[in-house]
Amino acid sequence: MVRIVVLQGPGGTTDVMARLLAAHLEGRWGQAVVVENKPGAGGAIGTLDIVRSAPDGHAILMGNVGPQSIAYALQKAPRYRADDLIPVSNMVVGPNALVINREIPARTVPEFVDYIRRNPDKANFGTPGIGQSPHLAGIWFNQLTGINSTAVHYRGAGAAATDLMGGNIQFMFDALVNAIEPAKSGLVRLLATTGAERYPTLPDTPTMKETMPELESFAFGSWVGAFLPKATPTAIVTALNAEIGLLLERPGQKARFLQMGGLPSYSSAADYAAFVAAETARWGGIIRHSGLQVD
């Protein structure tokens, strides 16, 4: 039996990716593949399960940007190291969006930055939790633009979005899939997305990096990908990587992923390892510059 460990509860993008991969592997490998949801401790519980598993290909981690990049600098004493895992392939990447309260008189990112500079007492941004990528995005936004907005932490993005609509906070970075419908309904104003390129279904919405010279480097997204325990033989890594490629290349997958706010993102194991290392370095620099750390 093969296990795929997910670091969140059922229903989210990471869980969906794990279940797609499980169904694919069952059909290809002819053996049972189960998905185990093991949330808790910022992803450490599930990650440690895989780190401590035998490196024989029967235990796969469906990881993401928080536990597999941000945690190493954010946590004072991380319980695992980056080299405890072998990156296999990315699976999906999706941008966030900068959304603001609809009453703010700004329709572009420069106008919004100018508004915050002129109204420093009205500069609060919501986050789904301390140290999550939307929180760090707000810190990074402060660092690059020179504004001094204050983070307000919630238990999940939904609660933050509710307060954004109610005017209790002025802005937030939210997963694009969460932001599109409220923006279309006029409940919030979506100013830009955070990808390196414009999102295919929003061709008229600029990326953050397009909007101001100060934000030229401001490009990031959420991502989900597969990892194996260190010391897993190369042949096993290569075999799993190939199966992920076959899964993501199936007809209709791009349209399916677009509905989830992301894009298929297959990569070689070497390219994925370089990507994860770059993500870890980028978020680590932002965290160290801010002085943010948690126990």
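These values consider heavy atoms only, across backbone and side chains, with no hydrogens, waters or symmetry-generated copies.
Within the 4.5 Å cutoff, the side chain of Pro110 has heavy atoms near those of the Thr211 side chain. Met208 places a side-chain heavy atom less than 4.5 Å from the side chain of Phe173. A heavy-atom distance below 4.5 Å is not found between the side chains of Thr162 and Met165. Side-chain atoms of Ile147 and Arg117, non-hydrogen and from C-beta on, do get closer than 4.5 Å to each other. For the pair Pro182 and Val99, the minimum side-chain heavy-atom distance is 4.5 Å or more. Two residues are said to be in side-chain contact when any heavy atoms from C-beta on lie closer than 4.5 Å; Val224 and Val16 fail this criterion. Residues Val35 and Leu21 are not in side-chain contact: their nearest non-hydrogen atoms beyond the backbone lie 4.5 Å or more apart. You'll find the side chain of Leu25 reaches within 4.5 Å of the side chain of Ile60, heavy atoms only.
The main-chain N or O of Pro39 is never found under 3.5 Å from a side-chain atom of Gln8 such that the two would form a donor-acceptor pair. In this structure, the side chain of Asn241 engages the main chain of Ser267 through a donor-acceptor pair within 3.5 Å. The backbone N or O of Gly66 sits nowhere less than 3.5 Å from a side-chain atom of Ser69 that would complete a donor-acceptor pair. Using modelled atom types, one side-chain atom of Asn142 and one backbone atom of Ser149 make a donor-acceptor pair closer than 3.5 Å.
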Stepwise side-chain contact (heavy atoms from CB on, under 4.5 Å) test for Asn96 and Ser222: CA-CA 7 Å; Asn96 278 209; Ser222 301; 3.5 Å; yes
Which is it for Val188 and Met172 under the side-chain contact (heavy atoms from CB on, under 4.5 Å) test, yes or no, and what are the steps along the way? CA-CA 10 Å; Val188 297; Met172 66 182 291; over 6 Å; no
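Rounding to the nearest 0.5 angstrom, the gap separating the OG1 atom in Thr280 from the CZ atom in Arg282 is 10.0 Å. With rounding to the nearest 0.5 angstrom, the CG atom of Leu85 is 9.0 Å from the CG atom of Leu228. Atom CG of residue Asp174 and atom OG1 of residue Thr127 lie 11.0 Å apart, to the nearest 0.5 angstrom. Considering CE of Met91 and CE of Met17, their distance stands at 5.5 Å, rounded to 0.5 Å. Atom CG of Leu258 is separated from atom CG of Leu202 by 10.0 Å, given to the nearest 0.5 angstrom. Atom CD1 of Ile116 sits about 9.5 Å away from atom NZ of Lys122, to the nearest 0.5 Å.
Under a 4.5 Å side-chain heavy-atom criterion applied to ILVMFWY residues, the cluster that includes Val34 comprises Met1 as well.
Within the structure, the side chain to side chain donor-acceptor pair (under 3.5 Å) test picks out no pair touching residues 101-111 (sequence neighbours left out). For residues 32-48, the pairs satisfying side chain to side chain donor-acceptor pair (under 3.5 Å) are Arg3-Glu36, Asp15-Asn37, Arg19-Asn37, Lys38-Asp49, Thr47-Gln68, with sequence neighbours left out. Sorted by first and then second residue, the side chain to side chain donor-acceptor pair (under 3.5 Å) pairs involving residues 184-201 (not counting sequence neighbours) are Arg198-Glu210. Judged as a ring-ring contact (aromatic ring centres under 6.0 Å, His included), the pairs with a partner in residues 225-266 (not counting sequence neighbours) are, in order, Phe227-Tyr272. Within the structure, the side chain to side chain donor-acceptor pair (under 3.5 Å) test picks out the following pairs touching residues 244-262 (sequence neighbours left out): His24-Arg250. Screening residues 86-122 for ring-ring contact (aromatic ring centres under 6.0 Å, His included) gives Phe112-Phe171 as the qualifying pairs, with residues at least two apart or on separate chains. For residues 26-61, no pair satisfies ring-ring contact (aromatic ring centres under 6.0 Å, His included), with sequence neighbours left out.
Follow the hydrophobic side-chain contacts under 4.5 Å out from Val92 and you never reach Leu7; the two are in separate clusters. By the rule that hydrophobic residues join a cluster once side-chain heavy atoms approach within less than 4.5 Å of another member, Val88 and Leu20 end up as members of one cluster. With hydrophobic clusters built from ILVMFWY side chains whose heavy atoms lie under 4.5 angstrom apart, Met62 does not share a cluster with Val276. Connection of Ile4 to Leu48 is not established within any shared hydrophobic cluster, with ILVMFWY side chains joined at heavy-atom distances below 4.5 Å, either directly or through further cluster members. Taking hydrophobic clusters as Ile, Leu, Val, Met, Phe, Trp and Tyr residues chained together by side-chain heavy-atom distances below 4.5 Å, Trp140 shares a cluster with Trp223.
Of all heavy-atom pairs between Leu61 and Gly46, the closest is CD1-O, 4.3 Å. The shortest non-hydrogen separation linking Leu248 to Asn90 is CD1-O, 4.0 Å. Here the closest non-hydrogen pair linking Ala179 and Ala97 is CB-CB, 4.2 Å. Annotation for Pro134 and Phe125: closest pair O-CE1, 4.4 Å, computed over non-hydrogen atoms. Smallest separation of non-hydrogen atoms from Ala157 and Pro128: N-CB, 3.5 Å. Looking at every heavy atom in both residues, Leu136 comes nearest to Ile286 through O-CG2, 4.1 Å.
Residue Leu190 forms a side-chain contact (heavy atoms from CB on, under 4.5 Å) with just one option from Leu98, Leu176, Ile100, and that option is Leu176.
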Please list, one pair per line, the donor and acceptor atoms closer than 3.5 Å that link side chains of residues 214-221 to other protein atoms, with sequence neighbours excluded.
none

Enumerate, atom names and distances included, each donor-acceptor pair closer than 3.5 Å involving a side-chain atom of residues 230-237, sequence neighbours excluded.
from	atom 1	to	atom 2	distance (Å)
Thr232	OG1	Pro229	O	2.6

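Atom CZ of Arg118 has more than 12 neighbouring heavy atoms from other residues, nucleotides or ligands inside a 6.0 Å radius.
Looking at residues two or more places apart in sequence or on another chain, you find a ring-ring contact (aromatic ring centres under 6.0 Å, His included) between Tyr80 and Tyr72. Contacts of His153 classified as ring-ring contact (aromatic ring centres under 6.0 Å, His included), with partners at least two apart in sequence or in another chain: His135.
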